[in-house]
Amino acid sequence: NSIRVFAPATVANVACGFDIFGFAVDNPGDQIVLTTSDEPGVRITDIIGDDGRLPREAARNTAGIAIQTYLKHIDRADLGLDIVLHKQMPLGSGLGSSAASAVAGVFAVNELLGRPLPILKLLPFAMEGERIACGSAHADNVGPSLLGGFVVVRSYNPLDVIKIETPATLFCTLVHPDIEVNTKDARFILKNEVSLKNTIIQMGNVAGLIAGLMTPDYDLISRSLVDVIIEPVRAILIPEFNEAKQAALDNGALGCSISGSGPSMFALSRDAQTAEKVGAAMQQAFLAVGITSEAYVSEI
Ligand code: HSE
């Protein structure tokens, strides 16, 4: 028995919602092929597209650990499984690469076994993959990669994940400059304390963004795509961040910020044409200092 599954990249945080907001894009994404085997245990037989950088040992690999934790939970740790992982997005990109692999893996094994668990219940296993990859079991990438659309993590303990409506037409531009930022490092530099003043501003934007998406109200979305807590600290990890963001806003984006822990940046636009233009302008800003990049446009 064999199954092939695709899981999409995701934009986590979405400006104001550090660790609590995320949405899925159409591409890029990872693919996984799982094949049952007579030999018990989970093995990674091949990883294509990572230049040999990801751990081949199942217990140290984000997809491998997610599958192992899942199998243990459903009492099938004896199952023999061979994994082939097709990495189709850059590592350390802020596009939710580790999350996509973990989600693809756990979704694939659940389907292969005839869906013993409902999809929402797969989330904690995919989160284990995140823990291995970057030291924190955050759900703002695995949530939307698994469920699609825009996802809110209302609470981690107990886990409470909600999928919310977005406008019928809303487009995301993702620009990935060809540099790497390690999520662990990008979390390490964050301050542990937040001022009451900034908490109030951030809460206002969190509430405004959700109301804007659900109404829908593009102007409200635009006013709410602001992050006064995380972005100012992490922006220093991305050369030309301010210039690329300004280029996005000058070209009609509703807002622009860091995708996940960076270095990728995302912008939201009302239509596909604007989203394409925004991407080209952001790429140009990076290119001005010799940084090449890839741009992706998806409908949300
Ligand atoms: N919310 C996480 C962070 C996402 O910003 O560290 C990492 O992709």
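Start at 1 and go down the list; that is how both ligands and their atoms are numbered.
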Q) Counting only heavy atoms, which portion of Asp19 has something under 4.0 Å from ligand 1: side chain, backbone, both, or neither? A) both
Q. Do Ile210 and Val152 have side chains that get closer than 4.5 Å, going by heavy atoms?
A. yes
Q) What atoms of ligand 1 come within less than 4.0 Å of a heavy atom belonging to Arg234? A) 3 (C), 5 (O), 6 (O)
(Q) Working to the nearest 0.5 angstrom, can you tell me the gap between Gln284 CD and Glu243 CD? (A) 13.0 Å
Q. For ligand 1, does Ile230 get within less than 4.0 Å through its side chain, its backbone, both, or neither, judged by non-hydrogen atoms?
A. neither
Q. What is the ring orientation for Phe266 with Phe23, classed by angle as parallel under 30°, tilted 30 to 60°, or perpendicular over 60°?
A. perpendicular
Q: For ligand 1, note which part of Glu130 has a heavy atom under 4.0 Å away: side chain, backbone, both or neither.
A: neither
Q: Quick one: look up the protein heavy atom nearest atom 6 (O) of ligand 1 and list residue, atom name and how far away it is.
A: Arg187 NH1, 2.6 Å
Q. Should we say atom CD of Glu299 is surrounded by more than 12 heavy atoms from elsewhere, each under 6.0 Å from it?
A. yes
Q.
Can you name the atoms of ligand 1, numbered from 1 with element, that are less than 4.0 Å from a heavy atom of Phe18?
A. 3 (C), 5 (O), 6 (O)
Q. With no hydrogens and no angle check, do the side chains of Asp82 and Thr35 hold a donor and an acceptor under 3.5 Å apart?
A. no
Q: State the atoms of ligand 1, each with its element, that fall below the 4.0 Å cut-off from a heavy-atom position in Asn13.
A: 1 (N), 2 (C), 3 (C), 5 (O)
Q | Pair Thr36-Asn1, side-chain donor/acceptor within less than 3.5 Å | A | no
**Q.** Which of the ligand 1 atoms, numbered from 1, are nearer than 4.0 Å to a heavy atom of Asn141
**A.** 4 (C), 7 (C), 8 (O)
